[in-house]
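Here the structure is a predicted model, which means the values were calculated and not measured.
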Amino acid sequence: MQIDWQKNPLIPVIAQEHETNEVLVLAYMNEEAYNLTLTTGFAHYFSRSRQRIWKKGESSNHTQEVKDMLLDCDGDTLILKIHQNGVACHTGTKSCFFTSIVQDKRVIEKEVDTTAMYGVVDTLYHTILERKSSNNSQKSWTKKLLNDKELMLSKIREEADEVCVAIDEESDEQVIYESADLLYHTLVGLGYRDISPDRVKQELARRFGMSGIEEKDSRKK
């Protein structure tokens with residue numbers, strides 16, 4: 001049985017601890033990620049939010065060493081038998097599957113500094129997504145913004161203006177403070193649209209080596 005990449009350009013992949021059979025992650029692969037996984041021996045996936053290939057653990061070093069790859073009978077789903085270095089989930093838990101729908105509780109195995117692992121922007125963005133999907137965060141300012149698009153947009157405009165005023169008239173500390181406010185509210189906007197900040201980073205990387213005039217001209221094409 002072979003994978004028909006023309007028919008299934010993106011297939012679901014279940015990462016399972018090879019010693020305990022614990023299910024750790026559900027992710028996706030395209031053909032390039034699949035081939036990278038085969039050739040390197042480490043799990044590579046295609047991120048639907050980032051729209052790019054990523055090696056599991058590329059930021060945190062919590063990599064997944066592949067021990068075996070199992071293809072299902074339809075040739076459109078994979079199980080990776082892996083050795084997980086560190087934890088699998090960005091929240092700091094061993095597995096991404098720790099929320100009980102029946103019991104309505106979260107079981108955290110141990111505390112991990114996710115800010116150090118992924119960077120403050122990515123950690124904050126994931127927190128925003130958690131607020132977005134949670135039914136228990138109605139008192140959250142983030143949730144309020146996500147539920148009120150006009151309020152969210154007005155706050156982004158307000159914070160952008162305050163950054164301009166701070167740069168023009170105020171102290172360095174105030175510029176930093178106002179910039180942090182703007183970044184937070186912009187991340188809420190990205191979360192509202194389900195656009196990973198990694199895609200913004202990719203766009204900035206694309207512009208390296210390109211003059212501002214060239215970049216603006218490229219938008220017209």
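Side-chain contact between Leu183 and Val121 is present, with at least one heavy-atom pair separated by less than 4.5 Å. By the 4.5 Å heavy-atom criterion applied to side chains, Asn35 and Glu31 are counted as neighbours. In this structure, the side chains of Val188 and Leu146 come closer than 4.5 Å at one or more pairs of heavy atoms. When side chains are defined from C-beta on, Leu10 counts as touching Arg48, because their heavy atoms get closer than 4.5 Å. Looking at Met29 and Val13, their side chains come closer than 4.5 Å, going by heavy atoms from C-beta outward. At least one side-chain heavy atom of Glu22 sits under 4.5 Å from a side-chain heavy atom of Leu24. Side-chain contact between Met69 and Tyr34: present, with at least one pair of heavy atoms (C-beta onward) separated by less than 4.5 Å. The side-chain heavy atoms of Val165 and Asp168, taken from C-beta on, include no pair separated by under 4.5 Å.
Atom OG1 of Thr20 and atom CD of Glu17 lie 5.0 Å apart (nearest 0.5 Å). To the nearest 0.5 Å, atom CD1 of residue Ile11 and atom CG of residue Asp74 are 11.5 Å apart. Annotation: the span from His126 atom NE2 to Ser196 atom OG amounts to 7.0 Å, rounded to 0.5 Å. To the nearest 0.5 Å, the span separating CG on Leu78 from CD1 on Ile3 amounts to 4.5 Å. A distance of 6.5 Å separates CG in Asp181 from NE2 in His185, rounded to the nearest 0.5 Å. With rounding to the nearest 0.5 Å, the separation of CD in Gln64 from CD1 in Ile82 is 4.0 Å.
Minimum interatomic distance between Leu190 and Pro197 (heavy atoms only, all atoms of both residues): CD1-CA, 4.2 Å. The two residues Val25 and Ala88 come nearest to each other via the heavy atoms CG2-CB, 3.6 Å. Of all non-hydrogen atoms in Leu70 and Asp68, the two that sit nearest each other are CD2-OD2, 3.5 Å. Nearest heavy-atom pair, Thr63 versus Gln84, reported as atom, atom and distance to 0.1 Å: O-NE2, 3.5 Å.
Proximity of a side-chain donor or acceptor of Lys143 to a complementary backbone N or O of Ile128 within less than 3.5 Å is not detected. Checked by atom type and distance alone, the side chain of Tyr125 pairs as donor or acceptor with a backbone atom of Ile195 at under 3.5 Å. A donor-acceptor pair under 3.5 Å links the side-chain atoms of Asp4 to the main chain of Gln6, judged by distance alone. The main-chain N or O of Asp76 is found under 3.5 Å from a side-chain atom of Asp72 such that the two form a donor-acceptor pair. Checking side-chain atoms of Ser95 against main-chain N and O of Val23 turns up a donor-acceptor pair under 3.5 Å.
Counted by atom type alone, Tyr28 and Ser47 present zero donor-acceptor pairs between their side chains at under 3.5 Å. Counting only N and O atoms by type, the side chains of Gln16 and Lys81 include a donor and acceptor under 3.5 Å apart.
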*Between Glu169 and Val175, is a side-chain contact (heavy atoms from CB on, under 4.5 Å) present by the stated rule, with each step listed?*
CA-CA 9 Å; Glu169 302 175 0; Val175 172; over 6 Å; no
*Between Lys56 and His62, is a side-chain contact (heavy atoms from CB on, under 4.5 Å) present by the stated rule, with each step listed?*
CA-CA 7 Å; Lys56 179 64 177 173; His62 291 181; 5.8 Å; no
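Applying the 6.0 Å contact sphere to NZ of Lys67 captures more than 12 heavy atoms from other residues, nucleotides or ligands. Counting heavy-atom neighbours within 6.0 Å of Phe97 CZ, excluding the residue itself, gives a total above 12. In Arg52, the CZ atom is crowded: over 12 heavy atoms of neighbouring residues, nucleotides or ligands sit closer than 6.0 Å.
At least one test fails for Lys149 against the ring of Tyr192: distance under 6.0 Å to the centre or angle within 45° of the axis.
A salt bridge links Asp122 with Lys201: the closest approach of a Lys/Arg side-chain nitrogen to an acidic carboxylate oxygen falls below 4.0 angstrom. Note on Arg199 versus Glu203: no salt bridge recorded, every NZ/NE/NH1/NH2 to OD/OE distance being 4.0 Å or above.
Not less than 6.0 angstrom separates the ring centroid of Trp54 from the ring centroid of Phe46.
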